[in-house]
Chemist: 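Structure below; questions to follow.
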Protein chains: 2
Amino acid sequence: MAQFVHPATKDITLSGVLAALADPIRLQIIRGLLQESGCLSCTAASPCPTIAKSTLSNHFRVLREAGLVQTSKKGVEHQNAVRAADIEARFPGLLMAILQSSVAEAEAGAAA
Amino acid sequence: MAQFVHPATKDITLSGVLAALADPIRLQIIRGLLQESGCLSCTAASPCPTIAKSTLSNHFRVLREAGLVQTSKKGVEHQNAVRAADIEARFPGLLMAILQSSVAEAEAGAAA
DNA sequence: TCAATAGTTCGGAAGTATGGGACTATTGAA
DNA sequence: TTCAATAGTCCCATACTTCCGAACTATTGA
C-alpha cells in the first residue's frame, strides 16, 4: 500500500474536481477538513457515522484522485489534508466560490 | 410536451449544478451558449457533431433539471438560454469561477 | 502471539450514462 | 389536406459507476 498516488498539480482536471465536489458527502468532508485546519483521519472526517467504511474509503479515493486531498499514512490512521494551495494555483477562486456557495445553500435551507 | 419543467431559483442545488457541469460536454454547451449570448438550438449548441441526438437530448435535460438552462419551444427548434442571473442570485460568483477555471484549463492544456 | 483498530479490496445489487431506433410536433410544399 | 423533412424526445438494451456488507491487510499495544 505504501503511499498513495496523487496527481500532480498540473494534472488536476476541472471535471474531476467538479465531479468530486458534486457529491454532498464529499463536499462536507472537504468543508470539515478545512474547518479543522486539515489533517483528519478518514473516520474523523466523515460527516455522518452511518456511512459504511467501504463507501467512505471510496469517497476518499475519489477525492485523492481528483487532487483535492493529500493522504499520508501515519501509524494506523491516515492523515488527510486539503490541497488548497494546489487547487488555488490551478483554478484560482474555484474552491472558494464552491465553498461559499455551499454555505449560502445551507443558510438558505435553514431560513426556509 | 408543451413547456419544460424548470426548477425555481431557490430550488437550484449546488450538487445539481456541480454534477451538471462536471461533464465536459455539458460544460462546453454552457460555454457555447454564453458566447452566443444565449439562445441556441440543441444541435447548434452541441460541441461535437458525433454525439447521438438522444445523448444530447439527455444532456440538455440534465442542464434544465439542474436549473442551468431555460428551454422554450420556438417552432420546430428549442431555444436554450443559460439562466446566468438565477445562478448568480443563488450562488454568487460560482458560475464565473467555474467558467474561468475552464478557460484556465484550456489554456494550460494548449500551452503544454 | 493475539486482539483491536483503521482502511482497503472484493462481489453483488441498484442506479446512471450512452446510443440506436421509433415516436411526436412543427413547418413548408404539392 | 396530405406528405416529406427536420428538431427533439422517449424507450430499450448494454455498459459503467455507486453503495454496502464481508473478508482482507497493516499497525499498535498488551
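Just the heavy atoms: all of them, side chains too, but no hydrogens, waters or symmetry mates, feed the values below. Letters go in sequence order (proteins before strands), and every chain restarts at 1. Everything numeric in this text was worked out from a predicted model, so none of it was measured.
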Chemist: Listed by chain and number, what are the side-chain contact (heavy atoms from CB on, under 4.5 Å) partners of B:A8, not counting sequence neighbours?
Modeler: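 So B:A8 forms a side-chain contact (heavy atoms from CB on, under 4.5 Å) with B:K10, B:D11.
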Chemist: What is the separation between atom CD on B:E65 and atom P on D:dT9, rounded to the nearest whole Å?
Modeler: 11 Å
Chemist: Looking at A:S57, does any N or O in its side chain come under 4.0 Å of the phosphate oxygens OP1/OP2 on C:dT8?
Modeler: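 It does, given that an N or O in the side chain of A:S57 lies less than 4.0 Å from OP1 or OP2 of C:dT8.
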Chemist: Holding to side-chain contact (heavy atoms from CB on, under 4.5 Å), I want the full list of residues that pass it with A:Q100, two or more places apart in sequence or in another chain.
Modeler: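 With neighbours one apart ignored, the set is A:M96.
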Chemist: Please assess B:H59 against B:D23 for the test side-chain contact (heavy atoms from CB on, under 4.5 Å), listing each intermediate value before the final yes or no.
Modeler: CA-CA 9 Å; B:H59 283 315; B:D23 187 302; 3.6 Å; yes
Chemist: Does B:R64 place a side-chain N or O at less than 4.0 Å from the phosphate oxygens OP1/OP2 of D:dT9?
Modeler: yes
Chemist: Once salt bridge (Lys or Arg N to Asp or Glu O under 4.0 Å) is applied, do any residues pair with B:E88, and if so which ones, sequence neighbours excluded?
Modeler: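 Here no residue qualifies.
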Chemist: Not counting sequence neighbours, which residues clear side-chain contact (heavy atoms from CB on, under 4.5 Å) with A:A19? List them please.
Modeler: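 For A:A19 the side-chain contact (heavy atoms from CB on, under 4.5 Å) partners, ignoring immediate neighbours, are B:A22.
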Chemist: Go through C:dA6, C:dT9, D:dT9 for me and flag the one nearest to the A:K53 side chain.
Modeler: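 It is C:dA6.
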Chemist: Taking only residues two or more places apart in sequence, or in another chain, which ones meet B:R83 in a salt bridge (Lys or Arg N to Asp or Glu O under 4.0 Å)?
Modeler: B:D86
Chemist: Run the side-chain hydrogen bond (donor to acceptor under 3.5 Å, both in side chains) test against B:Q79 and tell me which residues pass, sequence neighbours left out.
Modeler: none
Chemist: Can you give one letter per nucleotide of nucleotides 14-20 of chain C, 5' to 3': B if a protein heavy atom sits under 4.0 Å from the base, S if only from the sugar-phosphate, - if neither?
Modeler: ----BBB
Chemist: State which residues pass side-chain contact (heavy atoms from CB on, under 4.5 Å) with B:A52; sequence neighbours excluded, sorted by chain then number.
Modeler: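 Result, side-chain contact (heavy atoms from CB on, under 4.5 Å) vs B:A52: B:S54, B:T55.
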Chemist: Pairs counted only when both distances fall under 3.5 Å, Watson-Crick or G-U: show me the 5' to 3' dot-bracket for DNA chain D, [ ] for pseudoknotted crossings and | for other-strand partners.
Modeler: ||||||||||||||||||||||||||||||
